[in-house]
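In what follows, a structure is listed as structure tokens, so that the remarks can point back to it.
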Amino acid sequence: MIKLEKFLECVRENVSRIHSYELGCDGSDGKCDCIGLIIGALALAGFRWPGVHGCNWAARNAMDVLEPIGSAGEAFLGEILYKAREPGEAGYALPDRYKDGEDLRDYYHVGVVTSVDPLCVTHCTNVEGGAKYDTALGAWRWGGKLKYVDYEEGSGDAGYWAVVTAESGKTVNLRAKPDKKSTIIARAPLGTRVRAAVYDPDPAWRRVEFGGKTGYMMAEYLRPADEDGETVAVPRDALQAWADALEHTAREIRALLARE
């Protein structure tokens, strides 16, 4: 089985090479569909997908248990989430091969939970093409563990130690949301050691734990450090997460420029 940390690393690697949406693709040529994001990530980890390239096959054959999700708080890191339609609902299009089974839902979209607090569901969609990041549960209503991933190892939300730093001033603001206009919930003195999350989708901000509170600081004010506050090299996961997010943002900007 693939360790969870490796699987998430390969999801991010696959995201970084996707530039457009196309059915039946897994990201290896820059094109991908929703289940292809997962299939491609598994391939990068050295695992060959054993069945049909499709969400409905995955929901019925590649999951240990698939259960309904009532709230975002129930999601866990690396969880595979699905959007599904019930028989009779608009857009319902279950392939004939699955109509003889007990589960008649049409699982039409799939994504991966890459952060739990705040929620981030990474997925590949045909809306403008490429990878997208959902920060609300929305229509993601079914989820569970992928059979090929070991969720017992590294199942916590990844993070790293950092020291608060700035070229001027005495403190750095901790805000309720990743927005310069958001409420300031604390001010961390320069030199303070804090715990920062790796998986935030916005490269400009990091989710930070400080003084018993959890909020957001701008990434430019955080210098990676060890537990004693000594400066260390940027963790590989953090570098990869930032690089993926920056590349995704750059593609969106280029797409906007191309329309003008």
Side-chain angles (χ1 to χ4, degrees), residues 1-64 66 77-83 93 95 97-98 107-115 120-134 140 143-151 153-154 158 198-199 201 203 235-256 258:
M1 294 179 73
I2 302 166
K3 292 187 181 299
L4 176 58
E5 182 179 355
K6 179 65 175 179
F7 174 61
L8 291 171
E9 177 184 328
C10 290
V11 168
R12 294 194 295 273
E13 182 177 348
N14 206 18
V15 165
S16 70
R17 61 184 185 174
I18 296 170
H19 58 70
S20 62
Y21 180 93
E22 188 167 323
L23 290 173
C25 296
D26 65 2
S28 56
D29 60 354
K31 302 173 183 178
C32 197
D33 62 8
C34 61
I35 190 61
L37 175 64
I38 295 169
I39 293 174
L42 292 173
L44 287 169
F47 180 87
R48 183 176 179 180
W49 187 251
V52 175
H53 187 115
C55 292
N56 276 296
W57 187 91
R60 291 167 171 81
N61 299 278
M63 308 298 298
D64 274 336
L66 190 60
L77 195 62
E79 184 175 13
I80 307 302
L81 299 187
Y82 292 86
K83 296 180 180 180
R97 71 177 73 182
Y98 305 111
Y107 298 94
Y108 66 91
H109 199 48
V110 64
V112 183
V113 176
T114 50
S115 174
C120 179
V121 183
T122 301
H123 60 112
C124 188
T125 174
N126 60 355
V127 179
E128 297 184 2
K132 299 294 179 184
Y133 306 96
D134 287 358
W140 300 105
K145 296 179 179 179
L146 197 62
K147 286 182 178 180
Y148 323 119
V149 174
D150 180 3
Y151 288 84
E153 293 290 338
V198 169
Y199 294 107
R236 187 176 186 278
D237 277 353
L239 282 174
Q240 187 63 59
W242 295 336
D244 292 348
L246 287 169
E247 175 60 26
H248 176 70
T249 301
R251 287 199 302 268
E252 289 191 332
I253 293 173
R254 285 195 291 270
L256 289 172

Worked verdict on L42 versus L146 for side chain to side chain contact (heavy atoms under 4.5 Å, CB included): CA-CA 11 Å; L42 292 173; L146 197 62; 4.0 Å; yes

Just by modelled atom types, is the [Y] backbone N or O under 3.5 Å from a matching donor or acceptor in the [X] side chain?
{"X": "R17", "Y": "G27", "value": "yes"}
{"X": "E79", "Y": "G144", "value": "yes"}
{"X": "Y82", "Y": "W140", "value": "no"}
{"X": "K147", "Y": "N61", "value": "yes"}
{"X": "D150", "Y": "I2", "value": "no"}

What distance do [X] atom [atom1] and [Y] atom [atom2] have between them, rounded to the nearest 0.5 Å?
{"X": "N126", "Y": "L23", "atom1": "CG", "atom2": "CG", "result": "7.5 Å"}
{"X": "I18", "Y": "L37", "atom1": "CD1", "atom2": "CG", "result": "5.0 Å"}
{"X": "Y151", "Y": "K3", "atom1": "OH", "atom2": "NZ", "result": "14.0 Å"}
{"X": "I39", "Y": "C25", "atom1": "CD1", "atom2": "SG", "result": "10.5 Å"}
{"X": "D29", "Y": "E22", "atom1": "CG", "atom2": "CD", "result": "7.0 Å"}

Pairwise ring pair (Phe, Tyr, Trp, His ring centres under 6.0 Å) hits with a residue in residues 5-38, at least two apart: none

Do the side chains of [Y] and [X] get nearer than 4.5 Å, heavy atoms only?
{"X": "T125", "Y": "H109", "answer": "yes"}
{"X": "L81", "Y": "V112", "answer": "no"}
{"X": "H123", "Y": "C34", "answer": "no"}
{"X": "T114", "Y": "V121", "answer": "no"}

Side chain to side chain contact (heavy atoms under 4.5 Å, CB included) partners for S20, two or more places apart: K31

For the student: nearest non-hydrogen atoms of C55 and Y107, plus distance: CB-O, 3.1 Å

Shortest non-hydrogen contact between L4 and L77, atoms and distance: CD2-O, 3.8 Å

Check against side chain to side chain contact (heavy atoms under 4.5 Å, CB included), V149 and F47: CA-CA 10 Å; V149 174; F47 180 87; over 6 Å; no

Residues C120, D134; criterion side chain to side chain contact (heavy atoms under 4.5 Å, CB included); working and verdict: CA-CA 5 Å; C120 179; D134 287 358; over 6 Å; no

Pair listing, side chain to side chain donor-acceptor pair (under 3.5 Å) test, anchored in residues 48-57, at least two apart: D33-H53, N56-R60, N56-D106

